[in-house]
Protein chains: 2
Amino acid sequence: MFVTGHNAEDEKEPAPSAASIRDVAKAAGVSYQTVSRVINHHPNVSQKARDKVTAAMAELGYRPNRAARALANGMDRAVTVLTSNTNLFGYAETLGGIEVAARAAGVHVAIRVLPSDSPEDIAAAVDQVSDPRSGAVIVLAFDREGSQALEALPATVSWAGAAESWLGRQSSLAESPRLTWYDDTAAARTATEHLLDLGHRTVHHVAIPSSSPVGDRERGWKQALEAAGAPVPEVVQPHGWSIAGAYDAARELLLDPDVTAVLCGNDDQALGVIRAANDLGLKVPEDVSVVGFDDVPAAPYFTPALTTVRFDFAALGRRAFELLELGSGSTEERAPLASPALIVRESTGPAPQGRTAARTTPPPQHLRAAGAGAEPRHKEDR
Amino acid sequence: MFVTGHNAEDEKEPAPSAASIRDVAKAAGVSYQTVSRVINHHPNVSQKARDKVTAAMAELGYRPNRAARALANGMDRAVTVLTSNTNLFGYAETLGGIEVAARAAGVHVAIRVLPSDSPEDIAAAVDQVSDPRSGAVIVLAFDREGSQALEALPATVSWAGAAESWLGRQSSLAESPRLTWYDDTAAARTATEHLLDLGHRTVHHVAIPSSSPVGDRERGWKQALEAAGAPVPEVVQPHGWSIAGAYDAARELLLDPDVTAVLCGNDDQALGVIRAANDLGLKVPEDVSVVGFDDVPAAPYFTPALTTVRFDFAALGRRAFELLELGSGSTEERAPLASPALIVRESTGPAPQGRTAARTTPPPQHLRAAGAGAEPRHKEDR
DNA sequence: GCCATGTTTGTGACCGGTCACAATGCCGAG
DNA sequence: CTCGGCATTGTGACCGGTCACAAACATGGC
């Protein structure tokens, strides 16, 4: 029976099942309550007892049972991220930031995707997630799905949200567990001013979906135009987040020779717009200037490299987690979120004297598939 | 006191705390065990009792307590996704696929990020995740971190993995809970053959990090070259996943006028290579053909649109979840994963007669920041 | 030496489900 | 009419932690 080299208790290891605090207590010669106190760092435990318990835990390979703890506490140390998307850069990066903060605080991170913005799906997701016993909720409310979910959340659950700025300023939500956001409006204003400073008569806007009738970025864009006395063209609102939508819309938009500067809702759309310009025989930035939002990792490598507004989404996620106040209530004052920064690269330039006329050649073969552009394949291509 | 319109039990709703099966049992006039049976769809419950219980549950707004169930069962209906990354397209898309499948099966999805490939971090993550009581684990083993975690997983936990194909073929892992993968080798072979068919003398390869000394894509690339009797150049292996790495490496590589075709480890790298070519005064595909992997949503909108190999990562995620056999053991035979498909767009073309010489102008200002390209800002830019 | 105070430790009940087992009801067959 | 067999229902103990409370012990002032 002396086969493998077990160091202690060779006699009987009947069940390799996990050890409980009572097993640890027995091994350490104390009561289970003392073990519980050691685990929870209660102050009133003698050093001697603490050492014995620690040793016993190590020897038995003790791991606290999360379910048991959650049951007794009536609450799990966990946070569920409610989001409509896992792919888009801003969403994925925010999720990553939440995970980092939660991991540091010893909090588990779960994820629940909102498959659509139908009221039933939203309600089902919110219902599933809003059991206070299974932890807190962070809603990624960058879009309609997210903000609907936010509004549907019952008051009984502890939540926080990363949102568009208009949502954050709504009095009804500005209270209580709280939201965090970037000032999209100011960022859009800055980007628009950059284009106006380059001499463009006005700036056109291709928008991403927003949860409000007038998105924050749209608001800032409009403010800058009005402040400069520039005409305010109609907003181009393709359906959804797809690049195809932006591409198709831009092919229409750029036919107009007055269009020399386009502010896009995000970098993906900007890529679509640049490509549309190319396909129409227009050069970026010589004929048309294009600005994006987000500064995706690929943006510096676009041709031309994209001028865009950088957001630190990871920091946004971390902040959202902090708002939950789960992390041992560290009152260390929070560093303010860095402001979004305009990164000027190659896709913006001086307004052309007279813009080249668009060549109305058909889109390239590979973009002609379903009549609307590329094959709808990814979730965001609705 | 008749303020709001409560429909029933106006008298006393003392604690708004959640109802338990015993509360439901009392309201329905049955025992708590019967309620438990109804919840778990046990066959031997009379229709009458079932109806009463269902009604009582609805009235009390009963929700099962996940923690209590997990405690009693010794296992939670949950799966934790272990991954080194949340941003990269393949990872995020696979995560999304897992979530969809898990949601359909009523299984909770948690996420745990591997912050680095240091043994300590891997061990910590694996340790934290490998408590069988808190559910199954799916490892995204597309890289070194992931496959290390896979190997460190104890046998006691139920797991599955989405991996590189070489891992899936290793006998030691091919058994038991199981891995799923795409045939990267065949895909790389196909892509390489495509380039050779276009008349290129050989194909150079810029690789992504792999968990094996020789990545699957590298293997397929080499096979195709050898089969065609083409020379096998040295593999270019930039450090990490960053686009900057690929860009810098390509600026070196493309100085050689013999380089007319480059197979890249993923679409991001391909973008970097295309940009490097542009910056050296080379045209894609006239001077250099470039192929990527993954078919990210933006690929059709690159300039030129990227020829690449499409993988259905969402399906891969779903499959990985199925391998766990948590989902009510549906033995419906699994549809085989669709094979990766080469999507030919604009970035590949016939071999040039004589390739343009590279202009050795310095990189553009915005790519010159830290000497190594763009500002290292995202997780993958290590 | 005695008591008030504070520290350290232990016991019992409970969180909300599950399992094992026993008890009850109902049916047709002998 | 009685009994075995099956369907249905109920009771007790348990999963592994937590809380509330009480007991044991140490300390110091009088």
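Here the structure is a predicted model, which means the values were calculated and not measured. Chain letters run A, B, ... following the sequence lines, proteins first, then strands; residues in each count from 1.
- The listed nucleotides are C/dC15, D/dG12, D/dT18; the one nearest the side chain of A/Ile21 is D/dT18.
- Minimum atom distance to the side chain of B/Tyr62 is reached by C/dG17, of the listed D/dG10, C/dG17, D/dT18.
- For the OP1/OP2 pair of C/dG17 and a distance below 4.0 Å, the side-chain nitrogens and oxygens of B/Arg22 include no atom meeting the criterion.
- Of the residues in residues 33-55 of chain A, those with a non-hydrogen atom less than 4.0 angstrom from any atom of DNA chain D are A/Gln33, A/Ser36, A/Asn40.
- Atom CH2 of residue A/Trp159 and atom CG of residue A/Leu150 lie 5.0 Å apart, to the nearest 0.5 angstrom.
- In this entry the distance linking CZ of B/Arg69 with P of C/dC15 reads 18 Å, nearest Å.
- Counting non-hydrogen atoms under 4.0 angstrom, A/Arg66 reaches nothing in the nucleic acid.
- When each of D/dA13, D/dT18, D/dG16 is scored by its nearest atom to the side-chain atoms of A/Tyr32, the top-ranked nucleotide is D/dT18.
- Residues A/Trp181 and A/Leu179 are in side-chain contact: their nearest non-hydrogen atoms beyond the backbone lie under 4.5 Å apart.
- Here C/dT11 presents its P atom at 12 Å from NZ of A/Lys26, a figure rounded to the nearest Å.
- Comparing B/Arg133 and B/Ser31 by the nucleotide of DNA chain D that holds the closest heavy atom to each, the one mapping nearer the 5' end is B/Ser31.
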If you look only at distance, which donor and acceptor atoms sit under 3.5 Å apart when one is on a side chain in residues 100-110 of chain B and the other is two or more places apart or in another chain?
| residue | atom | partner | partner atom | Å |
| --- | --- | --- | --- | --- |
| B/Arg103 | NE | B/Glu99 | OE1 | 3.2 |
| B/Arg103 | NE | B/Glu99 | OE2 | 3.0 |
| B/Arg103 | NH2 | B/Glu99 | OE1 | 2.8 |

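- One atom, CG of A/Asp76, and another, C1' of C/dG16, lie 14 Å apart when rounded to the nearest Å.
- Between B/Asp76 and B/Arg66, the closest side-chain pair of non-hydrogen atoms falls below 4.5 Å.
- One atom, CG of A/Leu71, and another, P of D/dC19, lie 13 Å apart when rounded to the nearest Å.
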Could you walk me through whether A/Arg63 and B/Arg133 pass the side-chain contact (heavy atoms from CB on, under 4.5 Å) test, one step at a time? CA-CA 10 Å; A/Arg63 326 163 54 90; B/Arg133 297 171 301 192; 3.8 Å; yes
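- Rounded to the nearest 0.5 Å, atoms CG (A/Asn85) and OH (A/Tyr91) are 6.0 Å apart.
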Could you check B/Thr86 against B/Ile111 for side-chain contact (heavy atoms from CB on, under 4.5 Å), going step by step and ending with a plain yes or no? CA-CA 9 Å; B/Thr86 61; B/Ile111 181 164; 4.0 Å; yes
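- With rounding to whole Å, B/Asn73 atom CG is found 14 Å from D/dC15 atom P.
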